[in-house]
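Down below is the structure, laid out as structure tokens.
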Amino acid sequence: MNIVILGPGAIGALWAVKLRQAGHRVSVWARQADREYPVSLDGLLPVNFQNHTDEDIRQADLIFVTVKSWQIVAALDSVSKLLQPETMLLLMHNGMGVTEELGIYLETHPCLIATTSHGALKQESRTFPVQVSHTGKGETWIGAANQAGQHCTFMTDVLNHAFAPVYWHHNMTQAQWQKLAVNCVINPLTAINQCVNGQLASSEFTRQISALITEISRVMNAEGLTTDTGQLKKRIYQVIENTGENYSSMYQDIFRRRTTEIDYITGYLLKVAEKHQIAIPEHEKVYHQIKHIEMKGKQDE
Ligand code: KPL
């Protein structure tokens, strides 16, 4: 397949290498205008990707969008004139609420959404090759975001062949909520406390994590999703363990004074809670803490 990774950050670059190794014709569309974009995964020999080539977008069977949730629509707009109607759009990002912003793309392209629990870290150097590490093994779920996307179940095999395990989900809303719950706990807490994911297993966080999970369960139940608080807790602690050495994406954003995805993670949860008139004070607290740190980081620049 002809695949373009739109936004080859940590997760995007990881998938770029895996898809190339599986035999696909992969190129990238990065912020930098350099014609080549070499990526070294886990210190191995760099894999070279063509970057920023209009023809790659025109010929793409799949645009794999791995920019941050708040950048997705702008990233798609930047290549929209080159897109062919049959090109599939696959969005892999944290948080929820992006599909509601996709507008015209939902009418013109087969759209898929994906969530992954793999951990990845990209070194912040401006020199090539880009250094990426796969820091936590996870799994990936994909599903349709529109009618046309429902005909793309074969993408499960394509992605599974490149980077297993990948599962098709008939109801991505359910899968996205499961991931949202993980991100609502791990991301703000690691960013506020500037710690690795594994640190959250210590007893100093037990009470707060419990309260966050109870609040999420209430909102999920009100949304009509089947939730078992015990199961949710087990899943979240499993991710904490599996990605123990990993610095969450929100930790990294705060550390590098970048805009975080808090509005699409805790912010989304707060909006849904408000719709159901459910108080979620613990999430509200971490939301404001992150907003404050984010703002301060930008002021200090
Ligand atoms: O999705 C993640 C993130 O960092 O954004 C987890 C799964 C928490 C891994 O760090």
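Hydrogens, waters and symmetry mates are skipped; everything else that's a heavy atom, side chains included, is used. Please read these numbers as outputs of a predicted model, since none were measured by experiment. Counting convention: from 1, in listed order, for ligands and their atoms alike.
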Could you walk me through whether R58 and E55 pass salt bridge (Lys or Arg N to Asp or Glu O under 4.0 Å), step by step?
CA-CA 5 Å; R58 281 195 202 99; E55 208 41 37; 2.7 Å; yes

Could you tell me whether E215 and R218 make a salt bridge, using a distance below 4.0 angstrom between a side-chain N and a carboxylate O?
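No, no charged N to carboxylate O under 4.0 Å.
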
Using a strict 4.0 Å threshold on nitrogen-to-oxygen distance, state whether E274 and K271 make a salt bridge.
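No salt bridge links E274 with K271.
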
As a quick check of understanding, evaluate side chain to side chain contact (heavy atoms under 4.5 Å, CB included) for F64 and W15, giving each step before the final call.
CA-CA 9 Å; F64 197 143; W15 274 95; 3.8 Å; yes

Looking only at distance, does N197 have an N or O less than 3.5 Å from an N or O of ligand 1?
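Indeed, backbone or side chain, N197 has an N or O that close.
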
Do V196 and T190 come within less than 4.5 Å of each other through their side chains, counting heavy atoms only?
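A side-chain contact is absent here, since even the closest heavy-atom pair is not under 4.5 Å.
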
Per-atom contacts of ligand 1 with [X], taking only distances under 4.0 Å to non-hydrogen atoms:
X	answer
N94	1 (O), 3 (C), 5 (O)
S248	4 (O), 10 (O)
N183	1 (O), 2 (C), 3 (C), 5 (O), 8 (C)
K179	1 (O)

Would one find more than 12 heavy atoms of other residues, nucleotides or ligands at under 6.0 Å from atom CD of Q84?
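Yes - once you tally the heavy atoms of other residues, nucleotides and ligands closer than 6.0 Å, there are more than 12.
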
Starting from [atom], locate the nearest protein heavy atom and write down its residue, its atom name and how far away it is, to 0.1 Å.
atom	answer
atom 9 (C) of ligand 1	N246 ND2, 3.5 Å
atom 7 (C) of ligand 1	V239 CG1, 3.9 Å
atom 3 (C) of ligand 1	S249 OG, 3.4 Å

From CD1 (I3) to CG (L90), nearest 0.5 Å:
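Spacing of CD1 (I3) from CG (L90) equals 9.0 Å.
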
Ligand 1 versus N187: contacting region, heavy-atom distance under 4.0 Å
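For N187, only side-chain atoms sit under 4.0 Å from ligand 1.
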
